[in-house]
Participant: 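I have a structure I would like to understand better, so I am pasting it below and will then ask my questions one at a time.
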Amino acid sequence: MTIKKLPHLAHWGAFTAITDNGKLTGCEPFFADQDPSPMLNTIPELVYSDKRIRKPMVRRSWLKSRENSDRTLRGREDFVEVDWDTALDLVAEENRRVRDRYGASGIFNGSYGWSSAGRVNHARTLIRRFYFTGGGGVDQQGNYSWGAAQFFLPYVIGTYMPLTGRVTDWPSVVEHCQLFVAFGGLALKNAQVASGGAGQHSLKPALQQLAAKGTPVINISPMRDDCPEFVNAEWIPIRPNTDVALMLALGYEIERRGAVDNAFLASHCVGYPQLRAYLTGESDGIAKTPEWASAITGIPAARIALLAQQLIGVRSFITCSYSVQRAHRGEQPYWMMIALSSMLGQPGLPGAGFSFGHGSMNSVGNPRLEGPAPLMSTGPNPSGLSIPVARISDMLLNPGQPYTFQGETLEYPDIHLIHWAGGNPFHHHQQLNRLVEGWQRPDTVIVQDIVWTPAAKMADIVLPVTTTLERNDIGGSSRDRFVLAMHQAIKPQHQARNDFDIFADVAERLGYRDTFTENRNEMQWIEHLYQQCALAHASKGVHWPEFGEFWERGFVEVPEGGPSYVFMEAFRNDPQAHPIKTASGKIELFSSTIAGYQLEDFAGHPEWREPQEWLGAEISRDYPLHMISIQPGDRLHSQLDGTATVQANKTAGHETLWMHPQDAAPRGIADGDVIKVSNGRGAMLAGVRLTEGVTPSVVLISTGAWFDPGFGKAQWRPYDRAGNPNVLTLDIGTSSLTQGPNAMSCLVQVEKAPQPETVI
């Protein structure tokens, strides 16, 4: 018996891979991790899954007719096995044909960043590097996590970097905060993951320290269990998508009580007079009173007034989860949270101010010496072409049509080739039936992946890729204190190949292999990325060991570094010497730049304007339940959904939908029933669980179930069997300013499913 233990890393944590005679048998958590993810236990199931893509495959009629094939057969037609040389030749030929005929604007290099914690075989980096080196393509800007905030926050605070975790750190919050207010909660399950992996999961220990100190925590969310029980948070249930109305009423009360920090507003902010006129109703005739907000939010007016009183005169820390801005007009609560904290004079104080993403991703607020994580460069995109990340269907369905983004009118390109590597768009994207329609438009779709995801089943050419356990790599997150070696633990399964090698071989066929690889192989790239990080830390007086020592040890630890970090501290202490990078150099509560765009859906200051779908909308008479799609606790997005462990967590064989008993009873629905969830965009099956931990008229369901409309069948089913909520979500931009993804503004009807399923 030959047992080996090798250092490795996933987005949900560092671990030691255990092999027995070359077979992966287990994953032990990293020694420094106080709260390791149980998802580590599911990794061997993924590696040996019967859903692995075993060989290169080509859709039958595409192989015969190429760009003239019937594209509506994608997902419904069988595949033909080919050898690797044939598959790579086909990929190269399609690249050459489309680029020669349509130019870079005909190629969409699609990906999403959660494909691998390793930075050398990171598919999103590699596909961009490959296409940028080859002449460019159509790229994606932003991400599905914080796509609205990324393009909005620079107008208000001069940067979007706080979204990445560079916020006032936990030691400062624990020591100084007197009231912690969380819009969207502090869910531990969300903080189990971090892009690039992590050696430590930090949210639970930090919240335990906060609870031990007795700091009051208020959870403002449609979900009670957004905060762990040990925090002893007060739950204020709120109607989804109405956070900004509550914040506006809090601002009104603070102004009415004469508790505004006028000195801070005068020295560090611009635009309060315009915002004040809106709060008091001077500008629109509607005072944003607690009574006004109560009718919108469902929160009693007295509780709103009391919350305003609680915020006055204390060191307050206000945070919004990423999910709050993943909604129609989702920029508004982020803006008003900043304004509310500024009215109280809190930004830049230890343990106070505002923040984003606590409870949304690991490493937010981690104390750490500032320094880069390993990262391979994509190089510049010669075409300069890109779309906002969530506008894929719009692009595919509307080539040549105009759209507005960042105050400009742009035009969608005409895509003839999709090459997707890493990530599953039939998980992330909204209104999946619309994406299916758009996906049928291009001449050719190439997908490389580990398993037969819905995206792979909808492809023309499918390339099998190794898991991280089948190759060497290096990983780490910019907010985590460890850079980690990822040793190959087992040989590649079936005919799977590394992403780096696939792109290098296609680049060779197109004549630019050396430019793509920079004449480095996999291990040379790993060492190169390590040396780049080591050099950056050396400039800060921190010296790392030689690469060989690091590789053998399996990790290098980055010092926590100096005093606690307080976001905006230097700006607060001297706004003239340390201005922020807004148009005014100050926090902008009214933005002349945004106002100058003259957008129909976006004012120059925070405001309440009804989302297209919410419980106060007219359409709620037909679809009276607001569906919130949450991050799963047993997988990362749709990764691991094909494993036995995750499938065992389903209810009646479908994704679980949580529902209040008050909503279930009149529908004749009992705990454990199979239900049909529908709206005008589609229908899906789910299994129901009843709970009082959700606001009435709100239902919850995790994202990530593999979209299943009947792959391989002659006709699509009129419903998704798996329970993927993005069948039902609305595919519109959060606003014409940012075009962020909208998943949280979604109304549905729920009914007990007829039996058998086939009659639906």
Participant: Taking 4.0 angstrom as the limit, do K457 and D449 come out as a salt bridge?
Facilitator: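 Answer for the salt bridge query: no.
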
Participant: Find out whether T656 and S702 are in side-chain contact, i.e. whether some heavy atom of one side chain is under 4.5 Å from a heavy atom of the other.
Facilitator: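 No, every pair of side-chain atoms sits at 4.5 Å or beyond.
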
Participant: Could you check whether any side-chain heavy atom of Q325 comes within less than 4.5 Å of a side-chain heavy atom of T734, counting everything from C-beta outward?
Facilitator: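 Contact flag for Q325/T734 side chains = no.
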
Participant: T643 and T645: side-chain donor and acceptor closer than 3.5 Å?
Facilitator: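 Side chains of T643 and T645: no pair found under 3.5 Å.
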
Participant: Could K55 and F79 be counted as a cation-pi pair, given that NZ or CZ must be under 6.0 Å from the ring centre and within 45° of the axis?
Facilitator: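 No, K55 and F79 do not form such a contact.
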
Participant: Does R71 come within less than 4.0 Å of D460, counting only side-chain N to carboxylate O?
Facilitator: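 D460 and R71: not salt-bridged.
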
Participant: Just one of W420, Y112, W439 clears the ring pair (Phe, Tyr, Trp, His ring centres under 6.0 Å) bar with F426, so which one?
Facilitator: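 Checked W420, Y112, W439 against F426; only one passes ring pair (Phe, Tyr, Trp, His ring centres under 6.0 Å): W439.
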
Participant: Relative to each other, are the rings of H637 and H427 parallel, tilted or perpendicular (30° and 60° limits)?
Facilitator: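 Taking H427 first and then H637, their aromatic rings sit tilted (interplane angle of 30° to 60°).
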
Participant: Does the side chain of N679 come within less than 4.5 Å of M627's, by heavy atoms?
Facilitator: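 They are not in side-chain contact.
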
Participant: Are the side chains of I392 and F108 in contact, using a 4.5 Å heavy-atom criterion?
Facilitator: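 They are in side-chain contact.
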
Participant: Are any side-chain N or O atoms of D673 and backbone N or O atoms of V688, one a donor and one an acceptor, separated by less than 3.5 Å?
Facilitator: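 No, D673 side chain to V688 backbone: no donor-acceptor pair under 3.5 Å.
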
Participant: Is the closest basic N to carboxylate O distance between R721 and D708 below 4.0 Å?
Facilitator: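 A salt bridge is absent here (no side-chain N lies under 4.0 Å from a carboxylate O).
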
Participant: Indicate yes or no for a side-chain donor-acceptor contact from R239 to the backbone of L615 under 3.5 Å, with no hydrogens or angles considered.
Facilitator: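 Judged by distance alone, no pair lies under 3.5 Å.
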
Participant: Checking side-chain polar atoms at under 3.5 Å, does Q448 have a donor or acceptor matched by the opposite partner on D499?
Facilitator: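 Looking only at side-chain atoms, D499 and Q448 do form a donor-acceptor pair, the distance falling under 3.5 Å.
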
Participant: Closer than 4.0 angstrom, basic N to acidic O: yes or no for E655 and R635?
Facilitator: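 A salt bridge is present here (some side-chain N lies under 4.0 Å from a carboxylate O).
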
Participant: Using modelled atom types and a 3.5 Å cut-off, is there a donor and acceptor pairing between side-chain atoms of H328 and backbone atoms of Q612?
Facilitator: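 It does hold such a pair.
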
Participant: Could you verify whether a donor N or O on one side chain and an acceptor N or O on the other, from R434 and S393, lie under 3.5 Å apart?
Facilitator: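 The answer is no; no qualifying pair exists.
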
Participant: Under the side chain to side chain contact (heavy atoms under 4.5 Å, CB included) rule, collect the residues that match up with S37, sequence neighbours excluded.
Facilitator: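 Counting only residues at least two positions away or on another chain, S37 forms a side chain to side chain contact (heavy atoms under 4.5 Å, CB included) with W12, M39, Q192, H201.
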
Participant: Are any non-hydrogen side-chain atoms of W146 and M361 less than 4.5 angstrom apart?
Facilitator: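 The answer is yes; the side chains approach within 4.5 Å.
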
Participant: What's the separation between atom CG in D671 and atom CD1 in I669, rounded to the nearest 0.5 Å?
Facilitator: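 Rounded to the nearest 0.5 Å, the CG-CD1 separation comes out at 11.0 Å.
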
Participant: Look at the side chain of R52 and the backbone N and O of V47, then say whether any donor-acceptor pair between them is shorter than 3.5 Å.
Facilitator: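 Between the backbone of V47 and the side chain of R52 there is a qualifying donor-acceptor contact (under 3.5 Å).
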
Participant: Examine the side chains of R667 and Q749 and answer whether a donor and an acceptor come within less than 3.5 Å of each other.
Facilitator: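 Side-chain D/A pair, R667 to Q749: present.
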
Participant: Tell me, do P228 and L207 make a side-chain contact under 4.5 Å, heavy atoms counted?
Facilitator: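 Yes, their side chains come closer than 4.5 Å.
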
Participant: Checking the side chain of K189 only, and the main-chain atoms of Q631 only, is there a donor and an acceptor separated by less than 3.5 Å?
Facilitator: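 The answer is yes, because a donor-acceptor pair under 3.5 Å joins these two groups.
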
Participant: Salt-bridge test for E77 and R59: reply yes if a basic N is under 4.0 Å from a carboxylate O, no otherwise.
Facilitator: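 Salt bridge present between E77 and R59.
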
Participant: Salt bridge (charged side-chain N to carboxylate O under 4.0 Å, His left out): which pairs involve residues 217-238, sequence neighbours left out?
Facilitator: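 Counting only pairs at least two positions apart or across chains, the salt bridge (charged side-chain N to carboxylate O under 4.0 Å, His left out) contacts touching residues 217-238 are E234-R303.
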
Participant: Determine yes or no for a side-chain-to-main-chain donor-acceptor pair under 3.5 angstrom, with Y322 supplying the side chain and L163 the backbone.
Facilitator: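 It does hold such a pair.
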
Participant: Short question: side chain of W235, backbone of S221 - any donor-acceptor pair under 3.5 Å?
Facilitator: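 Yes: the side chain of W235 pairs with the backbone of S221.
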
Participant: Please list, chain by chain and in numerical order, all residues satisfying side chain to side chain contact (heavy atoms under 4.5 Å, CB included) with S202, sequence neighbours excluded.
Facilitator: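 Side chain to side chain contact (heavy atoms under 4.5 Å, CB included) check on S202 returns N362, N366.
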
Participant: How about D33 and Q200: does a side-chain donor come under 3.5 Å of a side-chain acceptor?
Facilitator: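 On atom types as modelled, these side chains do not qualify, holding no pair under 3.5 Å.
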
Participant: So among T467, T466, T468, which one has a side-chain hydrogen bond (donor to acceptor under 3.5 Å, both in side chains) with E470?
Facilitator: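 Of the listed residues T467, T466, T468, the side-chain hydrogen bond (donor to acceptor under 3.5 Å, both in side chains) partner of E470 is T467.
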
Participant: Hey, are the side chains of Q430 and P741 touching, using non-hydrogen atoms and a 4.5 Å cut-off?
Facilitator: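 A side-chain contact exists here, since the closest heavy-atom pair is under 4.5 Å.
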
Participant: Is any NZ, NE, NH1 or NH2 atom of the basic residue among D731 and R391 found under 4.0 Å from an Asp or Glu carboxylate oxygen of the other?
Facilitator: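 Counted as a salt bridge, because a side-chain N and a carboxylate O are separated by less than 4.0 Å.
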
Participant: Counting C-beta onward and ignoring hydrogens, is there a side-chain heavy-atom pair between N241 and H626 closer than 4.5 Å?
Facilitator: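 Yes, at least one pair of side-chain atoms sits under 4.5 Å.
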
